[in-house]
Protein chains: 2
Amino acid sequence: MARDTPQTHGEILAAAARRFAVTGYRGTSLQDIAREVGCSKAAVLYHFASKEALLAELLAQPLEVLRQLDERLAPLDGAEAQRAGAEGFVDLAVRFRREIALLRGEFPELLAQPAFAHVQQISERLVDALSGHTDRLEARITAMVLLAGISEACAEFVDVPDDDLRPALLAVARRALAPLDPPSTTEDRI
Amino acid sequence: MARDTPQTHGEILAAAARRFAVTGYRGTSLQDIAREVGCSKAAVLYHFASKEALLAELLAQPLEVLRQLDERLAPLDGAEAQRAGAEGFVDLAVRFRREIALLRGEFPELLAQPAFAHVQQISERLVDALSGHTDRLEARITAMVLLAGISEACAEFVDVPDDDLRPALLAVARRALAPLDPPSTTEDRI
DNA sequence: TCAGACCCTGACCGATCGGTCAGGGTGATC
DNA sequence: GATCACCCTGACCGATCGGTCAGGGTCTGA
């Protein structure tokens, strides 16, 4: 038994993450990954049952963190949900920049697969929390702009240190959500 | 001479747009497009020199509009550039939802190709305008969040009428840019 | 009636994809 | 020295990709 693999397993995972971040999931072949590691394509498939399994393992941790965020947000309401949702998602996005970008950029259809069905649901609940559990179209659009924008910005500013990126993203989120946060229902029209 | 083609040309273009929007550029084969049109794959390649040429024609109009926006923004400065940039991009994104989503979602590498090099430059100038031509990291991050978020939201809310979507997006943009718009340099920290 | 442009087809091409498989090297255990 | 699990390789598979090609209908104009 012991551990599954000494080091190659991890090297393959890291190489895949690097390649996926540059050329995307579909744009990266097992051969590409093998070349980067310095082993054969068959070796990659010895450590991982399939290309999809490789992706799944790569996404396991960020998806688990996303699930935990979903759990934390469940009992919250209104402005509280918005604030916690924004902070939680910014943290997550900053921490898992590459993985989130990968997920968001390439998988309207992969996320539609049954194996990732729960992710879709969690995303919807996150939009719901960010919009303060309102059905108002404007609130939902704001939430979507923020979630997608934060994801993309994280992927784009890969080299910016976490401690610079996080507060800036939080500030944008707060400004964007501001007039919706206090229930100043005076302005309904733009 | 006369016109290039009677109707099939347009049908192929429309079918390609539909398929690309669902399964992405790479995820859509010429066979898929041909099947949707009801002709052979060879017919598709009779009307378009290559798959890439099909994409180029599909993107021609939105890219031209983007170029015009870039031109309009060139002489503007500061808050004026921000306002015009936000309004112009919201209009463009709402109008060309599918194409923008396609471009943004799939082509970190296709955009890197020489044929699309100018698009990359225009995008950078657009970020520049949205951040009020400032080098401040926070401003640039805000701009990126907005541009990416607006694109994604447009793709996500395909069924929302333009007249509902546009004002909502403009409102988000104004809120997100608000504290940066007047140069109230009192707050530098979050 | 014939020529030629136009539109399209089916067969085919080489390349590449994800994945399989038989077998070889190596190191620990008995 | 034999055994066996583990790690890995090169050769190979069927499928599919974008793209080519020779040729066949169809329509028009001379």
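We use all heavy atoms of the structure for the numbers below, so side chains are in, but hydrogens, waters and symmetry mates are not. Lettering follows sequence order; numbering is per chain, from 1.
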> Can you tell me the distance, in whole Å, between the NZ atom of B/Lys51 and the P atom of D/dG19?
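It works out to 8 Å between those atoms.
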
> Output yes when at least one side-chain N/O atom of A/His47 is less than 4.0 Å from OP1 or OP2 of D/dC8, else no.
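Yes, within the criterion.
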
> The criterion is side chain to side chain contact (heavy atoms under 4.5 Å, CB included); which residues satisfy it with B/Val65, sequence neighbours excluded?
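Per chain and number, B/Val65 pairs via side chain to side chain contact (heavy atoms under 4.5 Å, CB included) with B/Leu92, B/Arg95, B/Phe96.
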
> Could you state the atom-to-atom distance from CD of A/Gln7 to P of D/dC6 in whole Å?
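The distance from CD of A/Gln7 to P of D/dC6 comes to 17 Å, rounded to the nearest Å.
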
> With sequence neighbours left out, write down each residue that passes side chain to side chain contact (heavy atoms under 4.5 Å, CB included) with A/Gln121, or none if nothing qualifies.
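A/Gln121: side chain to side chain contact (heavy atoms under 4.5 Å, CB included) contacts with A/Arg125.
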
> Nearest whole Å is fine: how far is D/dC17 P from B/Leu45 CG?
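So the two atoms are 13 Å apart, to the nearest Å.
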
> Measure CZ/B/Arg26 against C1'/D/dG18 and give the value in whole Å, please.
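About 14 Å, once rounded to whole Å.
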
> How many Å lie between CG on A/Leu54 and P on C/dC17, as a whole number?
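In whole Å, C/dC17 P and A/Leu54 CG are 15 Å from each other.
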
> Please table the atom pairs, donor to acceptor, closer than 3.5 Å between any side-chain atom in residues 57-64 of chain A and protein atoms at least two apart or in another chain.
residue, atom, partner, partner atom, Å
A/Glu57, OE2, A/His9, NE2, 2.7
A/Glu64, OE1, A/Arg67, NE, 3.1
A/Glu64, OE2, A/Arg67, NH2, 2.8
A/Glu64, OE2, A/Gln68, NE2, 3.0

> Report, one pair per line, the protein and nucleotides 10-14 of chain D atoms (nitrogen or oxygen only) whose separation is under 3.5 Å.
none

> Show me the protein contacts with nucleotides 22-27 of chain D, counting only N or O atoms at under 3.5 Å.
none

> Using the side chain to side chain donor-acceptor pair (under 3.5 Å) criterion, which residues pair with B/Arg18? Sequence neighbours excluded.
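B/Arg18: side chain to side chain donor-acceptor pair (under 3.5 Å) contacts with B/Glu36.
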
> Does the Lys NZ or Arg CZ of A/Lys51 fall within the cation-pi geometry relative to A/Tyr25 - under 6.0 Å from the ring centre and within 45° of the axis?
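Yes, A/Lys51 sits over the ring of A/Tyr25.
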
> Anything under 3.5 Å between a protein N or O and an N or O of nucleotides 26-28 of chain C, put it in a table, one pair a line.
none

> For residues 29-38 of chain B, which residues have at least one heavy atom under 4.0 Å from DNA chain D?
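Result for residues 29-38 of chain B: B/Ser29, B/Leu30, sorted by number.
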
> Is it the case that the side chains of B/Arg140 and B/Thr134 hold a donor-acceptor pair, with the cut-off being a distance below 3.5 Å and no angle test?
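B/Thr134 vs B/Arg140: no donor-acceptor pair found between side chains.
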
> Checking A/Arg166 now: which residues fulfil salt bridge (charged side-chain N to carboxylate O under 4.0 Å, His left out) with it, not counting sequence neighbours?
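For A/Arg166, the residues satisfying salt bridge (charged side-chain N to carboxylate O under 4.0 Å, His left out) (neighbours in sequence not counted) are A/Asp91, A/Asp163.
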
> Holding to salt bridge (charged side-chain N to carboxylate O under 4.0 Å, His left out), I want the full list of residues that pass it with A/Asp164, two or more places apart in sequence or in another chain.
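If we apply the salt bridge (charged side-chain N to carboxylate O under 4.0 Å, His left out) test to A/Asp164, skipping adjacent residues, there are no hits.
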
> Check whether any side-chain heavy atom of B/Pro167 lies under 4.5 Å from a side-chain heavy atom of B/Val90, and answer yes or no.
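They are not in contact (no side-chain heavy atoms under 4.5 Å apart), so the answer is no.
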
> So does B/Thr8 get a side-chain nitrogen or oxygen closer than 4.0 Å to the phosphate oxygens (OP1/OP2) of C/dC7?
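So the side chain of B/Thr8 is outside the cut-off, no N or O lying under 4.0 Å from OP1 or OP2 of C/dC7.
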
> Look at the side-chain N and O atoms of B/Tyr46 and state whether any lies under 4.0 Å from the OP1 or OP2 oxygen of C/dC8.
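No, because none of the side-chain N or O atoms of B/Tyr46 sits under 4.0 Å from OP1 or OP2 of C/dC8.
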
> Determine which pairs satisfy ring-ring contact (aromatic ring centres under 6.0 Å, His included) with at least one residue from residues 124-149 of chain A, sequence neighbours left out, and list them in order.
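Passing the test, one end in residues 124-149 of chain A: no pairs.
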
> With no hydrogens and no angle check, do the side chains of A/Ser151 and A/Arg97 hold a donor and an acceptor under 3.5 Å apart?
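Looking only at side-chain atoms, A/Arg97 and A/Ser151 do not form any donor-acceptor pair under 3.5 Å.
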
> Taking only residues two or more places apart in sequence or in another chain, which ones pass side chain to side chain contact (heavy atoms under 4.5 Å, CB included) with B/Ala143?
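So B/Ala143 forms a side chain to side chain contact (heavy atoms under 4.5 Å, CB included) with B/Val127, B/Leu130, B/Ser131.
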
> Any carboxylate oxygen within less than 4.0 angstrom of a Lys/Arg side-chain nitrogen, looking at B/Arg72 and B/Glu80?
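Looking at B/Arg72 and B/Glu80, the cut-off is not met.
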
